Amino acid sequence: MDSSFLNWPFFTPDHRSLAEQVRSFAADTFGETGFEHHGDIDEECADIRRQLGAQGLTRYCIPEEFGGHHNQLDVRSLCLIRETLAYRSGLADFVFAMQGLGSGAISLFGAPEQKARYLPGVGSGDLCAAFALTEPEAGSDVAAIATQARLEGGDWVIEGEKTYISNGGIADLYVLFARSEDVPGARGLSAFIIEANDPGLDVVERIDTIAPHPLARLRFNKMRIPADRLIGERGQGFKIAMATLDVFRSTVGAASLGFARRALDEATRRAQTRELFGSSLADLPGVQTQLAEMALDIDTSALLIYRAGWAKDSGAARITREAAMAKLHATETAQHGIDKAVQIFGGLGVTKGSVPEALYREVRALRIYEGASEVQKLVIARQHLAGAR
Ligand code: COS
């Protein structure tokens, strides 16, 4: 994997050694077969989580005070880890990402007791975290969330349904967004912590997708949780969700960048070794054009991703625009780049078990989750218009 981008001024020596640590761990652990799955996906995820914990990598998902490496979440580190894991294994990237996204609202907005109770376990990899936002009728439109949370005798009672929840049914804790106030729209939402053994949590359905990951539809049946599970203030749930997504959207771009780099490396090797018409594929101008476009898209994506990370880590209050640009550009161009790799591989590119075929399936969901591409365009346009006013 080309690591020359690590010389860019966005990075510190610590970032460079982290990238090398993850590169060597991922090569040793996942090698050439990291996109293949045999057996139970839940067990595979638990195994990966243990290994990421043993490597100290999940500690990048929590702040230093509770066992992490940085006093606040370091977006560049999260991006470097996701990019480098995704190069070898979509599932490893997924497991790492969920530890961060699933606990992010606690790290950013949790009370000290909440942080002390959950974050050390997330950082060590002993606790599995999930982010429960999407509902059958609310995914892109977060303000339409219908799951109810009402105060009853000092407890919160949660009633409703969530779907497409990563780690649904296997997580130890969920950050859940629900409507707690009697006002419509974004101002009526709050964020809560749910523990897996809170009575009233049903896994209604496991959802099978084109790239296997643990995903489920969950039902909360009059679930009673203590009042101290509220994260931050009542009615602030929408802003908590958005601020969490601001941190993690750049990392989605980083994962797609890892997939795109792998696609370029595979396509380059193939083009240089495959003979036809008396020379190699790489000698054909059409193939060179494809490789050039892939290389260009990788560099522009990396610049946008690490610009967003650098801005946040340097103290920017909000990186809404930068993160949306990074996610949008990196995921869209990764999809196109991987499609080019499939084309260069020909029949082998669509054969089950080949790396381009796996990348083609793995990258698709990234243009949808944590805000579909169309939502990112909306976010960028609103930020642009607000700035021009
Ligand atoms: N950080 C902090 N506050 C934010 C914010 C952010 N990134 N984005 C919006 N807010 C605030 C706004 O400032 C506004 O505050 P005030 O009411 O005090 O003015 C409030 O939140 C409502 O914002 P807005 O009017 O923009 O809300 P909308 O309902 O129009 O939402 C989009 C807009 C579409 C941008 C939002 O719903 C979104 O990002 N959707 C995609 C969600 C997603 O990623 N879903 C996938 C599920 S997770 S896999």
Side-chain angles (χ1 to χ4, degrees), residues 73 75 82 93-94 97-105 107-109 129-147 160-168 171 174-179 181 183-191 207 209 211 213-218 231-253 255-256 308 311-312 315-328 330-331 364-387 389:
L73 297 179
V75 180
R82 285 199 71 175
D93 163 61
F94 164 84
M98 285 318 302
Q99 289 300 94
L101 180 66
S103 64
S107 293
L108 295 171
F109 298 96
F131 185 76
L133 184 145
T134 303
E135 298 185 357
E137 303 298 330
S140 292
D141 186 2
V142 176
I145 279 178
T147 294
E161 199 166 291
K162 296 282 173 185
T163 192
Y164 291 106
I165 304 306
S166 295
N167 285 340
Y174 301 79
V175 167
L176 172 126
F177 297 88
R179 185 161 299 285
E181 312 305 308
V183 287
R187 288 169 195 267
L189 305 181
S190 295
I207 302 167
T209 50
H213 296 98
L215 265 184
R217 183 155 65 93
L218 305 174
I231 302 175
E233 288 171 32
R234 283 179 69 160
Q236 293 297 303
F238 184 90
K239 290 187 185 178
I240 291 175
M242 291 301 129
T244 307
L245 289 168
D246 276 356
V247 170
F248 288 96
R249 276 179 180 157
S250 320
T251 79
V252 182
S256 66
K312 182 72 183 162
R318 268 179 72 169
I319 52 158
T320 305
R321 174 177 171 274
E322 291 84 350
M325 284 184 169
K327 181 185 187 279
L328 174 67
T331 56
R364 188 61 185 86
L366 280 63
R367 289 167 57 208
I368 300 171
Y369 74 66
E370 288 184 45
S373 293
E374 294 71 16
V375 168
Q376 306 309 331
K377 286 182 188 164
L378 190 76
V379 170
I380 295 164
R382 283 183 181 184
Q383 293 279 311
H384 168 74
L385 291 168
R389 225 163 259 141

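Bear in mind the structure is a predicted one, so any value in this text is a computation, not a measurement. As the structure lists them, so they are numbered: ligands from 1, and atoms in each ligand from 1.
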### Summary
With sequence neighbours left out, the residues meeting side chain to side chain contact (heavy atoms under 4.5 Å, CB included) with Ala255 are Arg82, Ala86, Asp93, Leu366
### Message
Can you confirm, on distance only, whether ligand 1 has an N/O atom lying under 3.5 Å from any N/O atom belonging to Ser140?
### Response
yes
### Query
Does an N or O from Gly139, backbone or side chain, lie closer than 3.5 Å to an N or O of ligand 1?
yes
Validation: residues 376-383 side-chain donor-acceptor distances under 3.5 Å, sequence neighbours left out:
{"unit_1": "Gln376", "atom_1": "NE2", "unit_2": "Glu370", "atom_2": "O", "d": "3.3"}
{"unit_1": "Gln376", "atom_1": "NE2", "unit_2": "Gly371", "atom_2": "O", "d": "2.7"}

Just jot down the ligand 1 atoms closer than 4.0 angstrom to any heavy atom of [X], in number order.
X: Val142; value: 37 (O), 40 (N), 42 (C)
X: Thr134; value: 47 (C)
X: Ala143; value: 29 (O)

### Message
Let's go through Glu322 and Ser250 carefully: what are the C-alpha distance in whole Å and the side-chain angles of both, what is the deciding distance for side-chain hydrogen bond (donor to acceptor under 3.5 Å, both in side chains) to 0.1 Å, and is it a yes or a no?
### Response
CA-CA 8 Å; Glu322 291 84 350; Ser250 320; over 6 Å; no
### Query
If you draw a 6.0 Å radius around OH in Tyr164, do more than 12 non-hydrogen atoms from other residues or ligands fall strictly inside?
no
### Query
Can you check whether a protein heavy atom sits less than 4.0 angstrom from atom 47 (C) of ligand 1?
yes
### Query
Distance below 4.0 Å between atom 38 (C) of ligand 1 and any protein heavy atom?
yes
### Query
Under 4.5 Å between any side-chain heavy atoms of Phe177 and Phe131, yes or no?
yes
